*Asks:* 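Please see the structure below; I have some questions.
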Amino acid sequence: MADCDAENKESRQLRELKLRKMLDLLVHVPRCRSAHCQYPDCRKIKELFRHGMQCKTRAAGGCVRCRKMWYLLQLHAHACKESRCRVPRCRDLKEHSRGSQQQSDSRRRAAITGMMRQ
């Protein structure tokens, strides 16, 4: 049982490390102009962006590559604090998230106000 927990913890840490590297690459790729970049996965992320621009199926249609790209972009935008971020769609996703949060807050306030009036 302890071996299983250790393996699960180790695999979770490995996934988190890979995810952090991918998020670092998202910041790197828009600035990278090198064909022989030092980051081993830089080309993969560039290809993923290129695919996202050309894909006809898109994430909503079930494209796995597009879903992966949007997942990474959403994770980045959620954590990003830069106002002039160069990661594609970062500002759009932050604004959308902010608008959704404001709507949620308004609904919550209205529900509380309605409960208080009763």
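We count residues from 1, following the sequence as given. If you're wondering where the values come from, they're calculated on a predicted model, not measured in any experiment.
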*Asks:* Side-chain contact test, heavy atoms from C-beta onward, threshold under 4.5 Å: evaluate it for C37 versus R43 and give yes or no.
*Replies:* no
*Asks:* Where is the tightest heavy-atom contact between L26 and V87, given as atom of each residue plus distance?
*Replies:* O-CG2, 3.3 Å
*Asks:* Show the nearest heavy-atom pair for residues A77 and L93, with the distance to one decimal.
*Replies:* CB-CB, 3.6 Å
*Asks:* Quick one: closest heavy-atom pair of E47 and R65, and the distance?
*Replies:* O-NH2, 4.0 Å
*Asks:* Side-chain contact test, heavy atoms from C-beta onward, threshold under 4.5 Å: evaluate it for C63 versus K56 and give yes or no.
*Replies:* no
*Asks:* To the nearest 0.5 Å, what is the distance between CZ (R15) and CG (L17)?
*Replies:* 12.0 Å
*Asks:* So does H78 have more than 12 non-hydrogen atoms from other groups sitting under 6.0 Å from NE2?
*Replies:* no
*Asks:* Let's go through R89 and H76 carefully: what are the C-alpha distance in whole Å and the side-chain angles of both, what is the deciding distance for side chain to side chain contact (heavy atoms under 4.5 Å, CB included) to 0.1 Å, and is it a yes or a no?
*Replies:* CA-CA 10 Å; R89 312 300 295 193; H76 167 80; over 6 Å; no
*Asks:* Answer whether the closest heavy-atom distance between the side chains of C42 and H28 falls below 4.5 Å.
*Replies:* yes
*Asks:* If I take atom CG from residue D92 and atom NE2 from residue H96, how far apart are they, to the nearest 0.5 angstrom?
*Replies:* 10.5 Å
*Asks:* Less than 4.5 Å apart, side chain to side chain, heavy atoms only: is that true for K81 and K94?
*Replies:* no
*Asks:* Taking the side chain as everything from C-beta on, heavy atoms only, tell me whether I45 gets closer than 4.5 Å to M69.
*Replies:* no
*Asks:* Say you draw a straight line from NZ of K21 to CD of E16; how long is it, rounded to the nearest 0.5 Å?
*Replies:* 13.5 Å
*Asks:* Does a salt bridge link R91 with E95, judged by any charged N lying under 4.0 Å from a carboxylate O?
*Replies:* no
*Asks:* In Å and rounded to the nearest 0.5 Å, what is the CG to CG distance from L73 to L48?
*Replies:* 8.0 Å
*Asks:* If you define the side chain from C-beta out and look only at heavy atoms, does anything of C32 sit under 4.5 Å from K46?
*Replies:* yes
*Asks:* Do W70 and L75 have side chains that get closer than 4.5 Å, going by heavy atoms?
*Replies:* no
*Asks:* How long is the gap from OG1 on T57 to NE2 on H51, to the nearest 0.5 Å?
*Replies:* 7.0 Å
*Asks:* With rounding to the nearest 0.5 angstrom, report the CD to CG distance, Q13 to N8.
*Replies:* 11.0 Å
*Asks:* Shortest non-hydrogen contact from R58 to G52?
*Replies:* NH1-O, 2.8 Å
*Asks:* Check the pair L19 / L72 against side chain to side chain contact (heavy atoms under 4.5 Å, CB included), numbers first and verdict last.
*Replies:* CA-CA 8 Å; L19 186 58; L72 291 171; 3.7 Å; yes
